[in-house]
Amino acid sequence: MKISRVLVIGGAGYVGSHFCLFATKNGLDVTVMDNLSKGYRSALRCSEFIQADLLDYDNVLMRFSEHKYDAIFHFAANCLVGESVLDPAAYYRNNVISAYNMLEAMKATGHDKVIFSSTCAVYGYPKKLPLCEDHPKEPISPYGRTKLAIEWMLEDYNKAYGIKSARLRYFNAAGCEPDFGLGEDHRPETHLVPNVVRFALKLSDELTIFGNDYPTRDGTCIRDYIHVMDLADAHLKACARLDTVPLIRFNLGTGAGFTNLEVVDSVKRISGVNIVPKFGPRRPGDPAELVADASAAQRDLNWKPTRSDLDSIVKEVIKWFSTCPQGYPS
Ligand code: UDP
């Protein structure tokens, strides 16, 4: 079925806003629902905006009753491992209860297709690399557990109520679209690429690399960076796939891993700034290496990352912070 009208929950956030741009460029009519707790108005790329919180079930039900959407894309979530350890209640509330409300509202209003942002944090410490989809799921953080709980909910809602779902397990989302005014702006920023770039551009005065005693080629963690527009592309392809297979899950990564110091080197080379990071202790809950086996998505979705080269990602992030040093206007 050709889709034309979609609802994007969390469409003002980092990955969601890039998805909206991608969907709009692909001719879709995009409505965003966002509570703006983390997202920004100026990151909105949609024809219609609903400010609403999934925790407010009555309002969500009313909004879902107003239009029939061909598919719902669910990006809204709390997504910081460390924060989830300190405040798991917020994660169970904002991730699990919100997703439950969304599914209940879908069920009540006859919406039957959802594409859900999951994470490689559902696997926990890798027993075998690269990680493939049937690797054991033993998440080590409340964040990973909430995402896995929602994956299970989606499975059960499919079996019992026929709601189709794609669960897309992102590795490290990175990159942006500075030419379209979109960037990465988390407050506080905890992610490696923006932190290194901000340090190189003197927008922050400290850069700490967490741990240099991991069993990797240079002692720092290895991650698999996937461009947000490649993620967006996979979302539309996954949505189309639901017409033939009603319950799917895919890893989304490149299959190539970079150490934290290789990321620093890339920023050094491209910015021309000699960055000297400090080394700090390991960050709790950080596996040494997370790299995707994304061959299933490549095969079944006919998806291939085209924008995830690390140096290109770094160039874009430098461009974004050079034009918007303070990020989005708050
Ligand atoms: N990291 C770091 N310094 C920072 C931010 C991140 O050393 O200021 C490390 C982090 O410990 C991990 C890697 O960079 O090894 C990627 O972390 P990020 O938070 O970007 O993504 P995550 O892998 O947690 O999703």
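In each ligand, atom 1 is the first atom listed, and ligand 1 is the first ligand listed. Residue numbers run from 1 in the order of the sequence given.
Pocket lining of ligand 1, defined as residues with a non-hydrogen atom under 4.0 Å away: N172, T190, H191, L192, N195, T208, I209, F210, C221, R223, N260, R283, D286.
For K2, there are no salt bridge (charged side-chain N to carboxylate O under 4.0 Å, His left out) partners at least two apart in sequence or on another chain. Scanning for salt bridge (charged side-chain N to carboxylate O under 4.0 Å, His left out) contacts around R198 gives an empty result, with sequence neighbours left out.
Of the N and O atoms on the side chains of N251 and Y123, at least one donor lies less than 3.5 Å from an acceptor on the other residue.
When each of R249, R145, K137, R169 is checked for a salt bridge (charged side-chain N to carboxylate O under 4.0 Å, His left out) with E151, only R169 meets the rule.
At least one cation-pi condition fails for K147 and Y91: the charged atom is not both under 6.0 angstrom from the six-membered ring centre and inside a 45 degree cone around its axis.
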Expected list for residues 7-14: side-chain donor-acceptor pairs under 3.5 angstrom, two or more places apart:
| unit_1 | atom_1 | unit_2 | atom_2 | d |
| --- | --- | --- | --- | --- |
| Y14 | OH | A174 | O | 3.4 |
| Y14 | OH | G175 | N | 3.3 |
| Y14 | OH | G175 | O | 2.6 |
| Y14 | OH | E184 | OE1 | 3.4 |

